[in-house]
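Below: one structure, written as structure tokens.
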Amino acid sequence: GDSVTQTEGQVTVSESKSLIINCTYSTTSIAYPNLFWYVRYPGEGLQLLLKVITAGQKGSSRGFEATYNKETTSFHLQKASVQESDSAVYYCALGDPDSGTYQRFGTGTKLQVVP
Amino acid sequence: GPKVLQIPSHQIIDMGQMVTLNCDPVSNHLYFYWYKQILGQQMEFLVNFYNGKVMEKSKLFKDQFSVERPDGSYFTLKIQPTALEDSAVYFCASSLGRTTNTEVFFGKGTRLTVV
């Protein structure tokens with residue numbers, strides 16, 4: 001079946017430094033999956049950060065970017081300069097356009113931005 | 001933005017008793033979901049619901065679990081009887097369309113503790 005892998009459980013970055021959170025996916029579907037990044041801020045529900053539904057495209061939101069790379073089956077999340085307010089848990093997710101009726105989530109990466 | 005509300009935020013229940021988790025989805029949404037996250041583990045899909053019926057359920061959706069949304073009111077997850085391994089945070093979600101390329105809106109979760 002489909003799956004999403006996030007290798008880092010927690011990442012600590014100094015304010016104004018760059019960030020990359022890794023996400024890779026696998027799918028048994030013939031069609032390319034739709035890919036998402038969600039974020040959960042402290043005390044809040046999970047919310048969509050960005051999505052890309054076309055392989056090769058880049059999505060961006062709030063200074064974050066992720067490029068859908070079908071060759072490496074990756075969808076890493078990047079930001080050039082993080083702020084303390086970016087501290088949250090980030091989840092990569094996949095939707096199978098062929099047969100899926102729900103999105104599958106990675107294990108989440110907790111980002112802590114320190115001064 | 002649109003909100004999914006979950007009531008209560010935390011519930012403690014004796015093993016073997018019945019529990020009902022309530023979810024107030026976004027008002028015009030048509031698809032509803034429950035996910036389960038055990039502490040330190042991945043958020044995993046339980047079940048989704050559309051047009052009064054379960055569309056798909058995972059192996060985590062045991063026979064003791066049931067969902068309904070009577071007359072467009074709360075979308076509920078009932079567990080009867082509860083077991084210790086049911087202790088987890090349960091997230092309700094809703095979407096306007098199928099989730100494969102549609103934003104899914106999540107509640108903040110209900111933490112269920114079975115003692």
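Each chain gets a letter, A, B and so on, in the order its sequence line appears, and its residues count up from 1. For clarity, every value in this text was computed on a predicted model and none was experimentally measured.
The ring-ring contact (aromatic ring centres under 6.0 Å, His included) test with Y35(B) is passed by exactly one of F106(B), F91(B), Y90(B): F106(B).
Proximity of Y102(A) to V104(B): side-chain heavy atoms (C-beta onward) are nowhere separated by under 4.5 Å. Annotation: side chain of Y38(A) is in contact with side chain of Q103(A) (closest heavy-atom distance under 4.5 Å).
Residue R69(B) places its CZ atom among more than 12 non-hydrogen atoms of other residues, nucleotides or ligands, all under 6.0 Å distant.
Here the closest heavy-atom approach between residue A55(A) and residue K70(A) is recorded as CB-CD, 3.7 Å.
Residue Y50(B) does not touch chain A at all, counting heavy-atom pairs closer than 4.5 Å. Heavy atoms of M55(B) lying under 4.5 Å from chain A belong exclusively to its side chain. Contacts between V52(A) and chain B at a heavy-atom distance below 4.5 Å are absent for every atom of the residue. Of the two parts of E44(B), neither the backbone nor the side chain holds a non-hydrogen atom closer than 4.5 Å to a non-hydrogen atom of chain A. In this structure, chain B has heavy atoms under 4.5 Å from both the backbone and the side chain of E44(A).
Aromatic ring orientation, F65(B) versus F61(B): perpendicular (interplanar angle above 60°, classes split at 30° and 60°). Note on ring orientation: taking the six-membered ring where Trp is involved, the planes of F49(B) and F32(B) are tilted (angle from 30° to 60°).
Within residues 106-115 of chain A, the residues that have a heavy atom under 4.5 Å from a heavy atom of chain B are G106(A), T107(A), listed by number. Contacts between residues 73-83 of chain B and chain A, counted as heavy-atom pairs separated by less than 4.5 Å, involve no residue at all.
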Given K62(B) and D86(B), is the salt bridge (charged side-chain N to carboxylate O under 4.0 Å, His left out) satisfied, shown in steps?
CA-CA 10 Å; K62(B) 305 180 297 184; D86(B) 297 331; 2.9 Å; yes
Are S74(A) and Y68(A) close enough, and set up right, to give a side chain to side chain contact (heavy atoms under 4.5 Å, CB included), and what steps lead you there?
CA-CA 6 Å; S74(A) 66; Y68(A) 187 155; over 6 Å; no
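Residues Y90(A) and F64(A) bring their aromatic ring centres within 6.0 Å.
Clustering ILVMFWY residues whenever any of their side-chain heavy atoms sit less than 4.5 angstrom apart, transitively, puts V47(B) in a cluster other than the one holding L30(B).
The distance from the SG atom of C92(B) to the CH2 atom of W34(B) is 4.5 Å, given to the nearest 0.5 Å.
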